[in-house]
K.L.:
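Here you go, one structure.
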Amino acid sequence: MKPIKVGLLGIGTVGSGTFNVLQRNQEEITRRAGRGIEIAMVADLNVERARELTGGKCEVVNDANLVINNPDIDIVIELIGGYGIARELVLKAIANGKHVVTANKALLAVHGTEIFKAAQDKGVMVAFEAAVAGGIPIIKSLREGLTANRIQWIAGIINGTTNFILSEMRDKGLDFATVLKEAQRLGYAEADPTFDIEGVDAAHKVTLLASIAFGIPVQFDKAHVEGITKLQATDISYAEQLGYRIKLLGIAKRNGSGIELRVHPTLIPAKRLIANVEGAMNAVLVQGDAVGATLYYGKGAGAEPTASAVIADLVDITRLATADPGHRVPHLAFQPDAMSDTPILPMAEVTTSYYLRMNVADQPGVLADVTRILADHSISIDAMLQKEPAEGESRTDIIILTHQTQEKNVEAAIAKIEGLPTVMGTITKIRLEELS
Ligand code: HSE
């Protein structure tokens, strides 16, 4: 059988990784896919560089439209990124009857509903394993390997940049700004790291995971997004003393009649495997009712790890291209007409535990006032740490870990406690998940 023809839009880090891995492992990939997979065309604005990278082995053009309008191309790989031109090209490729492979989580998290509907109507596939956690086959695992389960929750370290920064802050006791500069110098963080450090990248990814896990439409606009920029080295150290590590988690969880969809710094017990995922590595913990907890670990970025995911999608599409569209694995794991309208809950209705740090006057009755307010809001204390006041100081830090409660209770209690004359400034609140 003739090889399936692929057009690549954008040959940067992941694109060149994909080209190289396909060349290197061509024989084994063909044996798996049942026919050859050939990148026949590459579109990139830097034609010279693209020619160098592909070594004359395929046609190079500077206009992506030449690829998506070419009737010989069966699959388009979109590695341009962003929401603008990428959306336009993906929709045009679908309209032209091409299957699409993309690593673009931002595009799918924001415009996924439109894109998957267009693909469904046209009978083509949109595959996106590379969009979440790079080389870790988490989409495949959730959509197929765990298909027997009612998924209860997912908690993932799905942004390598922030995990690197948090690991360095903990190891070296440095503050956020210092580590960010170092991460940029070493190439772990981008020149403009906003999407990573503000939690947006992780929120794009967990939005996609939530859709596949629960069969709900992609709803990035409903996700709670909180990054690590305000995290203090003090809290990382106090958390450690209480037996916890702080990680930026993407969490998707069933809760009563709704779904929690949130990204924020989170205390997790130091003894959990996922708490020990360090540096730029990614890991996703999935709790299913039948299987229990399963953990997926690996590289969340980089040329060849991400290429591994892109090529897995190419092989899947190659195998299924001739199948009746009704018999393919649905884009979002659930059949399009069986999607659920379970709402994403507002943060006030989220249920979790909390780390609260407050600076108080070291005098009788202060703790009693604080604990009374917590009790009045039905908040139960799980653990407490009180530091000795520094030499000559009459103030000290108190750290309280709560049992599970609703966020609205904690917010109301914090407002009351901050109003006490013995409590200085604002209270630091970090959410805590036992992940058990
Ligand atoms: N910027 C991402 C990260 C990698 O730091 O994990 C691409 O998704």
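Start at 1 and go down the list; that is how both ligands and their atoms are numbered. Atom set for the values below is all heavy atoms of this structure, side chains included, hydrogens, waters and symmetry mates excluded. The first residue of the sequence shown is numbered 1, and numbering continues consecutively from there.
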K.L.:
Measure from the ring center of F128 to the ring center of H331 and say whether it is less than 6.0 Å.
P.N.:
no
K.L.:
Do any pairs count as a salt bridge (charged side-chain N to carboxylate O under 4.0 Å, His left out) and have a residue in residues 26-47, sequence neighbours left out, and if so which ones?
P.N.:
K5-E38, E27-R31, E28-R32
K.L.:
Which residue pairs satisfy the salt bridge (charged side-chain N to carboxylate O under 4.0 Å, His left out) criterion with at least one member in residues 282-304, sequence neighbours excluded?
P.N.:
R24-E304
K.L.:
Give the residues near ligand 1 by chain and number, with the criterion being a heavy-atom distance under 4.0 Å.
P.N.:
K105, N159, G160, T161, D196, D201, K205, A301
K.L.:
Among all residues two or more places apart in sequence or in another chain, which pass the side-chain hydrogen bond (donor to acceptor under 3.5 Å, both in side chains) test with E411?
P.N.:
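Partners of E411 by the side-chain hydrogen bond (donor to acceptor under 3.5 Å, both in side chains) criterion, ordered by chain and then number, come out as K429.
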K.L.:
State whether the number of non-hydrogen atoms from other residues, nucleotides or ligands found under 6.0 Å of D341 atom CG is greater than 12.
P.N.:
no
K.L.:
Kindly indicate, with the supporting measurements, whether the criterion side-chain contact (heavy atoms from CB on, under 4.5 Å) is fulfilled by Q23 and K57.
P.N.:
CA-CA 10 Å; Q23 295 280 316; K57 295 194 184 84; 3.2 Å; yes
